Protein chains: 2
Amino acid sequence: MRILLVEDDILLGESMMVSLGRHGFTVDWLQLGNQVEASLKTEDFMAIILDLTLPDIDGLKVLKKIRQAGHKIPIIILTARDDIEDRVKGLDDGADDYLLKPFALQELLARLRVMIRRISGNTESEIECKGLRLSLQNNEVHYQDKPIKLTKAEFKLLATLVAKSGRVLSKDQLQQALHGWDEAASDNAIEVHIHNLRKKIDSKLIKNIRGVGYIIEKD
Amino acid sequence: MRILLVEDDILLGESMMVSLGRHGFTVDWLQLGNQVEASLKTEDFMAIILDLTLPDIDGLKVLKKIRQAGHKIPIIILTARDDIEDRVKGLDDGADDYLLKPFALQELLARLRVMIRRISGNTESEIECKGLRLSLQNNEVHYQDKPIKLTKAEFKLLATLVAKSGRVLSKDQLQQALHGWDEAASDNAIEVHIHNLRKKIDSKLIKNIRGVGYIIEKD
DNA sequence: GGGAAACTTAAGGGAAACTTAAGGGAAAAA
DNA sequence: TTTTTCCCTTAAGTTTCCCTTAAGTTTCCC
């Protein structure tokens with residue numbers, strides 16, 4: 001679950017990084033509105049958290065641009081102003097939800113879950129593939145109806161592979177799923193995680209394509 | 001995936017060569033802007049990465065010349081952080097995207113993928129020919145709807161032949177598809193790969209024209 | 001028929017992926 | 001806080017795979 005956070009306040013940004021990370025999200029953090037467009041061009045995010053008061057340009061403008069570019073990605077806006085107008089305007093301009101600063105992180109998490117559930121169609125945000133069923137809400141995995149215990153990293157990797165099943169993902173793409181823009185670990189780390197996943201689930205589930213990457217085939 | 005890199009900084013150039021190479025790109029590296037035109041005349045590239053600050057001539061001039069010559073090839077320009085004007089001018093002059101130095105290699109890779117996806121039309125970049133269907137991003141091949149397992153080198157060769165079906169490709173051109181301007185292996189290596197491709201797919205698919213090269217005919 | 005180009009087959013070496021174990025660090029518990 | 005638990009990463013050793021070379025055979029063309 002990769003999320004784009006656009007927030008110029010360092011303190012707030014850091015604490016959000018930490019607490020979102022703790023809940024299984026991979027967060028990429030931008031501090032300037034101008035950088036958003038470029039990021040969306042190249043990266044896949046599940047949602048955007050957008051502060052409206054940014055140092056370079058107005059958050060509402062960023063919001064508009066995103067929608068004009070045709071992105072349907074869910075967006076939560078953060079606003080400090082008790083300006084009702086801004087909030088309304090934000091929703092009109094394509095935001096899916098808003099939060100008033102200061103807010104409880106609990107609430108942010110709840111709204112994120114709701115949004116992600118909403119766009120992934122079903123009420124239960126679950127992905128299925130090849131006898132595998134993963135619930136994105138509580139990081140649970142079932143294989144042939146038997147529960148399987150995975151660590152955070154393992155779950156993230158598996159979720160990425162399942163979400164893009166039928167496509168080969170390079171080790172670097174998997175690194176990104178784990179670490180976002182942070183400096184990645186060595187490729188060996190991925191190999192070890194894959195190894196553990198195969199041991200816990202099924203040795204034939206994740207296939208390697210030498211020199212290219214890993215894939216879970218579509219069923 | 002052959003790419004032309006125009007960059008005078010030795011250190012940066014080398015690290016880009018390595019990491020692009022690791023991601024399946026074949027990179028040809030020039031350090032002078034004047035050499036670009038000649039290369040484009042004789043070689044086929046999927047994209048160009050062009051540093052704007054070159055020792056011999058201005059990168060923007062190179063860009064203009066490329067476009068004036070009618071090449072539609074995607075171009076990413078690299079520019080120092082403060083040259084906003086250059087960036088804008090670059091985009092006006094026909095660049096498809098830009099990166100600010102210093103940049104994360106991750107980001108460059110992502111943008112390359114996006115650009116290549118964009119020009120090859122749909123998200124699923126597939127080429128077809130003579131009952132052959134290859135997915136470029138998965139390194140997958142189907143022949144008459146049956147999957148065929150190929151190695152990386154075999155796939156590259158086949159992809160080149162299919163992409164230019166109807167044209168004869170010399171062994172040297174095929175070497176270049178595999179190795180760029182790196183020292184190539186002996187021609188025998190190509191012969192062996194072709195042999196294996198014929199064995200795996202269909203002995204009559206790839207034709208040899210004695211003294212000239214190999215061809216897959218158009219259908 | 002002779003020579004060059006292409007085809008075929010097998011083997012060696014090196015790189016990519018797999019496997020296992022251990023250390024260090026972060027989260028959780030006390 | 002201190003302690004404990006857990007797991008992510010690194011490191012090192014093993015296995016697997018495949019690219020290239022080499023050597024021999026066949027085909028083509030002069």
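Proteins get letters first, then strands, A, B, ... in listed order; numbering begins at 1 in each. These figures come from a predicted structure and were not determined experimentally.
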- Note on the structure: Symbol by symbol from the 5' end, with Watson-Crick or G-U pairs under 3.5 Å, [ ] crossing and | another strand, DNA chain D is ||||||||||||||||||||||||||||||
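Protein chain A contacts DNA chain D over a range whose 5' and 3' limits, counting nucleotides with an atom under 4.0 angstrom from a non-hydrogen atom, are D:dC7 to D:dC18.
Without hydrogens or angle criteria, A:Arg198 side chain to A:Lys204 main chain gives no donor-acceptor distance under 3.5 Å. Between the side chain of B:Gln175 and the backbone N or O of B:Ala185, at least one donor-acceptor pair lies under 3.5 Å. When atom types are taken as modelled, the side chain of A:Trp29 and the backbone of A:Gly13 share no donor-acceptor pair closer than 3.5 angstrom. Between the side chain of A:Asp56 and the backbone N or O of A:Gly33 there is at least one donor-acceptor pair closer than 3.5 Å. Judged by distance alone, the side chain of B:Glu14 and the main-chain N or O of B:Leu11 form no donor-acceptor pair under 3.5 Å. B:Lys200 contributes a side-chain N or O that, together with a main-chain N or O of B:Lys149, makes up a donor-acceptor pair within less than 3.5 Å. The backbone N or O of B:Glu140 sits nowhere less than 3.5 Å from a side-chain atom of B:Asn138 that would complete a donor-acceptor pair. Panel note: side chain A:Ser39, backbone A:Gln35; a donor-acceptor pair is recorded below 3.5 Å.
Residue-level contact check: A:Ala189 touches the bases, meaning some heavy atom is under 4.0 Å from a base atom.
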- Message: Using a 4.0 Å heavy-atom cut-off to protein, can you give one letter per nucleotide of nucleotides 1-13 of chain C, 5' to 3': B if the base is in contact, S if only the sugar-phosphate is, - if neither?
- Response: ---BBSBBB----
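Between the side chains of B:Thr26 and B:Lys156, a donor-acceptor pair is found at a separation under 3.5 Å.
Under 4.0 Å is where a charged nitrogen must lie from a carboxylate oxygen, and between B:Asp145 and B:Arg133 at least one such pair does.
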